[in-house]
Amino acid sequence: MTEQPIRNGIKTQFHGFKTSPRLCRPRIELIVAFAWLLFTANAAADPQSDRVNRIKAAFVLNIARFVSWPPEAFESKDEQLLLCLYRSNPIHQAVDLIQGEMVSGRHVSITRVDSLNENDSCHILLIAHNELRSYLKEARFGPTIPLLTIADLTESDSLLHAGSDIMISLVRDDTRIGFEINLTRSRQAGLKMSSQLLKLATIVDEAP
């Protein structure tokens with residue numbers, strides 16, 4: 001097992017996987033990278049370490065690279081992809097490191113919102129486990145828009161996400177981190193997810 005730098009000190013472990021100096025490029029090897037993220041016992045023992053938070057940020061970025069938004073989600077071809085942190089989020093410093101990265105030909109921009117009323121321009125909404133109740137309460141009254149919702153549930157044993165408005169949930173299984181996808185919810189919002197991404201995910205609500 002070798003340890004490879006990703007960007008600005010972000011490091012993770014892969015079996016024989018080679019990365020470029022920037023965060024994992026969207027190519028076929030990236031799929032292999034997903035399968036090996038966070039397999040170490042050290043990650044489970046220290047779930048809030050900087051290294052693990054940075055790996056979660058890499059997960060968010062790489063997942064986004066396998067999602068397609070409808071054309072109407074952007075006002076222009078030069079518009080940035082806006083990743084919004086919902087209220088407080090313990091991995092915000094790690095997420096800041098992906099500012100300026102590319103997703104589908106657009107630069108990633110990071111901001112924070114305290115309410116769904118502020119998310120009109122967001123393309124991705126990242127929700128921490130401690131803010132999930134607040135989000136779900138707000139989401140009940142919101143319209144369906146092409147907003148990719150990702151919840152970090154790796155530090156929670158809660159089943160709050162089951163049947164919820166969340167499209168992608170990062171979840172922990174012993175020493176591993178994987179992700180669940182709600183296909184029905186994502187398709188309702190007009191988002192398309194690559195078949196390569198779906199192969200690595202647990203589908204929690206199979207859309208017809």
Side-chain angles (χ1 to χ4, degrees), residues 22-27 30-31 34 56-87 89 91-92 94-128 131-132 134-153 161 163-170 179-208:
R22 296 177 67 82
L23 274 166
C24 312
R25 295 302 185 189
R27 48 187 159 182
L30 190 150
I31 293 294
F34 271 125
K56 290 179 186 179
F59 252 109
V60 172
L61 176 65
N62 291 328
I63 285 173
R65 285 173 167 163
F66 289 90
V67 176
S68 297
W69 282 259
E72 61 269 22
F74 302 94
E75 294 184 359
S76 72
K77 64 179 182 179
D78 299 322
E79 183 179 354
Q80 295 184 332
L81 185 87
L82 186 58
L83 192 165
C84 298
L85 300 173
Y86 180 72
R87 303 178 69 170
N89 196 308
I91 70 168
H92 68 92
V95 172
D96 284 345
L97 293 175
I98 68 176
Q99 176 100 12
E101 290 288 337
M102 298 294 290
V103 170
S104 301
R106 299 177 186 274
H107 288 96
V108 174
S109 180
I110 313 293
T111 192
R112 178 176 173 268
V113 296
D114 291 316
S115 167
L116 293 187
N117 294 328
E118 304 173 22
N119 79 341
D120 290 348
S121 301
C122 300
H123 301 104
I124 303 173
L125 189 67
L126 182 59
I127 307 145
E131 297 289 2
L132 188 58
S134 297
Y135 167 77
L136 294 177
K137 186 180 295 185
E138 280 198 85
R140 288 183 300 173
F141 307 104
T144 300
I145 58 176
L147 173 68
L148 177 64
T149 52
I150 303 178
D152 176 12
L153 304 180
H161 62 298
S164 75
D165 191 62
I166 300 298
M167 296 179 195
I168 298 182
S169 300
L170 300 183
F179 53 99
E180 300 175 346
I181 293 179
N182 185 322
L183 270 182
T184 296
R185 184 65 189 88
S186 62
R187 290 174 180 173
Q188 286 173 344
L191 300 178
K192 296 181 180 179
M193 299 191 181
S194 164
S195 60
Q196 293 177 314
L197 183 66
L198 298 179
K199 288 176 182 178
L200 292 174
T202 297
I203 308 302
V204 295
D205 188 359
E206 181 67 59

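Just so it is clear, the structure is predicted and the values come from calculations on it, not from any experiment.
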Identify the two heavy atoms, one from [X] and one from [Y], that lie closest to each other, and give their separation to 0.1 Å.
X: Ala201; Y: Ile181; result: CB-CD1, 3.5 Å
X: Met193; Y: Leu148; result: CE-CD1, 3.9 Å
X: Met167; Y: Thr149; result: N-OG1, 2.9 Å
X: Leu85; Y: Asn89; result: CD2-ND2, 4.2 Å
X: Gly190; Y: Pro70; result: O-CD, 3.3 Å
X: Gly100; Y: His107; result: O-CD2, 3.2 Å

*Are Ile124 and Val67 close enough, and set up right, to give a side chain to side chain contact (heavy atoms under 4.5 Å, CB included), and what steps lead you there?*
CA-CA 11 Å; Ile124 303 173; Val67 176; over 6 Å; no
Does [X] reach the main-chain N or O of [Y] with its side chain, forming a donor-acceptor pair under 3.5 Å?
X: Arg65; Y: Met102; value: yes
X: Thr111; Y: Cys84; value: no
X: Arg112; Y: Arg87; value: yes
X: Arg106; Y: Glu79; value: yes

_Check this for me: Glu75, atom CD, are more than 12 non-hydrogen atoms of other residues, nucleotides or ligands nearer than 6.0 Å?_
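Not more than 12 within 6.0 Å, no.
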Measure the spacing between [atom1] of [X] and [atom2] of [Y] and express it to the nearest 0.5 Å.
X: Ile145; Y: Glu72; atom1: CD1; atom2: CD; result: 11.5 Å
X: Glu101; Y: Asn62; atom1: CD; atom2: CG; result: 9.0 Å
X: Ile91; Y: Asp96; atom1: CD1; atom2: CG; result: 10.0 Å
X: Leu82; Y: Cys122; atom1: CG; atom2: SG; result: 4.5 Å
X: Ile127; Y: Leu170; atom1: CD1; atom2: CG; result: 10.5 Å
X: Asn182; Y: Arg187; atom1: CG; atom2: CZ; result: 10.5 Å

*When you look at Val113 and Leu125, which way does the side chain to side chain contact (heavy atoms under 4.5 Å, CB included) test go after all the steps?*
CA-CA 9 Å; Val113 296; Leu125 189 67; 3.9 Å; yes
*Option passing side-chain hydrogen bond (donor to acceptor under 3.5 Å, both in side chains) with Tyr86 (candidates Glu131, Glu118, Glu138)*: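 Checked Glu131, Glu118, Glu138 against Tyr86; only one passes side-chain hydrogen bond (donor to acceptor under 3.5 Å, both in side chains): Glu138.
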Hey, does [Y] have a side-chain heavy atom less than 4.5 Å from the side chain of [X]?
X: Arg185; Y: Val204; answer: no
X: Phe179; Y: Leu200; answer: yes
X: Ile110; Y: Ile98; answer: yes
X: Ile150; Y: Phe59; answer: no
X: Leu153; Y: Leu132; answer: yes

*asked:* Checking His92 against Leu126 for the side chain to side chain contact (heavy atoms under 4.5 Å, CB included) test, could you report, in this order, the C-alpha distance in whole Å, the side-chain angles of both residues, the deciding distance, and whether it holds?
replied: CA-CA 10 Å; His92 68 92; Leu126 182 59; over 6 Å; no
*Is there a side chain to side chain contact (heavy atoms under 4.5 Å, CB included) between Leu147 and Asn119 once you walk through the steps?*
CA-CA 9 Å; Leu147 173 68; Asn119 79 341; 3.1 Å; yes
*How are the rings of His123 and Phe74 set to each other: parallel, tilted or perpendicular (split at 30° and 60°)?*
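Parallel: the ring planes of His123 and Phe74 meet at under 30°.
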